[in-house]
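Every chain is numbered from 1, with letters handed out A, B, ... down the list of sequences.
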Amino acid sequence: MSLIPEFFRLLRVEMVKTFLKKRTYLGFLIILLIVPLVEIALKIEGGRFLRMAMRGIAQDFILLGNVFNGWFVSLQIMNSLWIQIPILISFVAGDQLAGEATGGTYRLLLIRPVSRTKIFLAKYLTTVLYVVLFVTFLGVLSVGLALLLLGSGDMIVLQQGILVLPESDVAWRFVMAYILAAWSMTTVASIGFLFSSFVENAIGPIVGTMGVIIVLTIITVIPVETFSGIREYLFTYHMASWQKMFADPVPWGDIRSSVLNLAGYIIATLTAAWIIFVRKDVLS
Amino acid sequence: MTPHVILRTHNLSKKYKDRWAVRNLSLEVHRGDIFGFLGPNGAGKSTTIRMILSLIRPTEGRVELFGYDLKSHRSKALSSVGGIVEKPDFYSYLSAVRNLDLIGSLNGGVEKKRILEVLDVVGLSGRGGDKVKTFSHGMKQRLGIAQALLSDPELVVLDEPTSGLDPQGMKEVRQLILHLAKEQKKTVFLSSHLLNEIELVANRMAIINKGELVVQGEVKALLDEGGRYVVVEGEPKAKIKAVLKKNKKLLEGFTERDGSFDVKMDFDDVPMLNNALVKAGVRVTALVPRRSLEDFFLSITENQGKV
Ligand SMILES: Nc1ncnc2c1ncn2[C@@H]1O[C@H](COP(=O)(O)OP(=O)(O)OP(=O)(O)O)[C@@H](O)[C@H]1O
Ligand SMILES: [Mg+2]
């Protein structure tokens, strides 16, 4: 008998399984290829990108110093990768339970004198750890490399009009933005987890998760009156709340309600997944 | 005092959609038994084992392990149970040793030494470091048995452990099962669709067909129950008949059927009968010892295909 408490043993089991699996690193690999590629290209292209983006809005602006810098590029990267990240997340989260079904390993795992609830929690925590590591990796790589390549400076934000944030006021906003992004991705992972609990194939949970995100995103952005009432209850409406970290002043009230909305989705999907998982007949 | 009955199922039933896969199954496995669970394909063996190992929930009835109700005291009930259901699947991207290490963790943790020990027991010593995806079916079957033994459980539940093994492998598994029961005082619950296999190792058995219990009891008693007989074939028939009539004392009786004779007798006396037939000038073409349980099981299996 080992002295390590049961739950830590279960956690270790799930982590070993997840982090020794190739698919876990696919997302990391893609990021590792894309981010440097884009950032190096932007360095070579120089400020043309910025001038194009600002054409029309700010012809008369006189910008002092280096505004085409690492901060500016990091934000562009975050904005454009934002659509792809959920796929990579669901790729791993969706496999957590469904992978055991397709592999036939539920028959190995669920005959042990350990409650299914504990196994479920260990699996979920492992998934959350993956999300945190992944988002951290993305953040450190994209911001770090961008600063290295393009240097620091005041940050220019092209959201509604032009906002210039002083150099000293930027770093903490990125940290907060990535924390909020991790929270959004935890929501995505929880949805993937829910699909994973009852879909017993490799691709289903990914398709399911992305399907939900795409449909709800359409409802969120489409300018139709009918949807206006429900829009703000959809998690897709709140998923990009990290962008608000680059407004001045930061709309903390909005961010708070987004965080709570996402928490609601996490709790709901997790509860549903848990009920399905513990009641499940293992027929695979 | 630990209870004498280690595994008990009470009216265990499982319904899939509108079909009963297992119906009112009440089994009793005693401490130290090698319990044979015999049934043709689709009889409900794996479904029963899934219920015993808590993979699926019974539609009706319940399972009791070591005196604990499986539903209300799951962890206690399963704490000394190892098993394998249907085909042996593992985390194929991990090595055999790593798989066993993880499984051991789920059972409270095992030492590396024990892992190597069980790999040795099933004859996989040299391959522990290899990824399971490089294993043949038979090797996975062996690893499945290793995994079932890993935490040194008192009850080992094996679902057709010899399927897919070569004759040598089958023999080794049989010897291993006997060793587990005799030397290590384990209780083994073993499913199979081969009566012969059960007969070779089990002391008690149950036959299940279409989800329902047909018979349960001591293997020896069941095999003898309907009597045993020897099928005698040869020429000329009249001489065979004469020999059989002359040896009434040794033979318990005979019936003639399709040109052969079913002779009720002790199998030990078969050489004697053979001798007598040859002496009488009979050209013996077959002397086949049969048991009615065997016939009975065969008839179940044959009918199975037609249903
Ligand atoms: N997932 C399922 N859905 C519906 N019916 C099922 C399912 N699994 C098994 N069955 C049915 O339950 C019955 C018993 O199947 P089971 O696998 O328990 O038989 P078995 O005795 O293990 O057979 P075998 O010797 O082929 O392994 C069969 O009629 C089968 O069709
Ligand atoms: Mg079976």
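Residue B/K133 places its NZ atom among more than 12 non-hydrogen atoms of other residues, nucleotides or ligands, all under 6.0 Å distant. The 12-atom threshold is not exceeded at CZ of B/R98, counting heavy atoms of other residues, nucleotides or ligands nearer than 6.0 Å. By the 6.0 Å contact criterion, NZ on A/K21 is enclosed, its count of non-hydrogen atoms from other residues, nucleotides or ligands being greater than 12. Remark: B/E111 CD is loosely packed, at most 12 non-hydrogen atoms of other residues, nucleotides or ligands lying under 6.0 Å away. No more than 12 heavy-atom neighbours from other residues, nucleotides or ligands sit within 6.0 angstrom of CD1 on A/I203. Other residues, nucleotides and ligands contribute only 12 or fewer heavy atoms inside 6.0 Å of the OH atom of B/Y68. Within a 6.0 Å sphere centred on CH2 of B/W20, other residues, nucleotides and ligands contribute more than 12 heavy atoms.
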Review point. Given the rule in the salt bridge (Lys or Arg N to Asp or Glu O under 4.0 Å) test, do B/R50 and A/D281 qualify, once you have shown the distances and angles that lead to the verdict?
Key: CA-CA 9 Å; B/R50 278 176 194 265; A/D281 267 355; over 6 Å; no
Practice item. Could you please spell out the steps behind the side-chain contact (heavy atoms from CB on, under 4.5 Å) verdict for B/Y16 and A/L283? Key: CA-CA 11 Å; B/Y16 289 124; A/L283 298 169; 3.3 Å; yes
Exercise for review: Dump the intermediate steps for side-chain contact (heavy atoms from CB on, under 4.5 Å) on B/L78 and A/I111, then the final yes or no.
Suggested key: CA-CA 8 Å; B/L78 289 174; A/I111 63 172; 5.7 Å; no
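The greatest number of non-hydrogen atom pairs below 4.5 Å with chain A, out of B/T47, B/L106, B/V81, is found for B/L106. In terms of heavy-atom pairs under 4.5 Å with chain B, the best-connected choice from A/R116, A/K22, A/E14 is A/R116.
In this structure, the side chain of A/R107 engages the main chain of B/K87 through a donor-acceptor pair within 3.5 Å. With hydrogens and angles disregarded, no donor-acceptor distance shorter than 3.5 Å links the side chain of A/R112 to the backbone of B/S79.
To the nearest 0.5 Å, atom CG of residue B/L143 and atom CG of residue A/L108 are 8.5 Å apart. Note that CZ of A/R279 and CZ of B/R57 are 4.5 Å apart. Values are rounded to the nearest 0.5 Å. Here the straight-line distance linking atom OG of A/S284 with atom CG of B/L55 works out to 8.5 Å at 0.5 Å rounding. For the atom pair CG of A/L110 and CG of B/L53, the computed distance is 11.0 Å after rounding to the nearest 0.5 Å.
Heavy atoms of A/L10 lying under 4.5 Å from chain B belong exclusively to its side chain. For chain A, the nearby parts of B/L102 are the backbone and the side chain; heavy atoms of each come within less than 4.5 Å. Interface remark: A/E100 contributes side-chain atoms only to the contact with chain B (heavy atom separation under 4.5 Å).
If you check the side chains of A/R12 and B/S105, you find a donor sitting under 3.5 Å from an acceptor. Using a 3.5 Å distance cut-off with no hydrogens or angles, the side chains of A/K17 and B/Y91 do pair a donor with an acceptor.
Taking all atoms of both residues into account, the shortest heavy-atom contact from A/S115 to B/S75 is N-OG, 4.3 Å.
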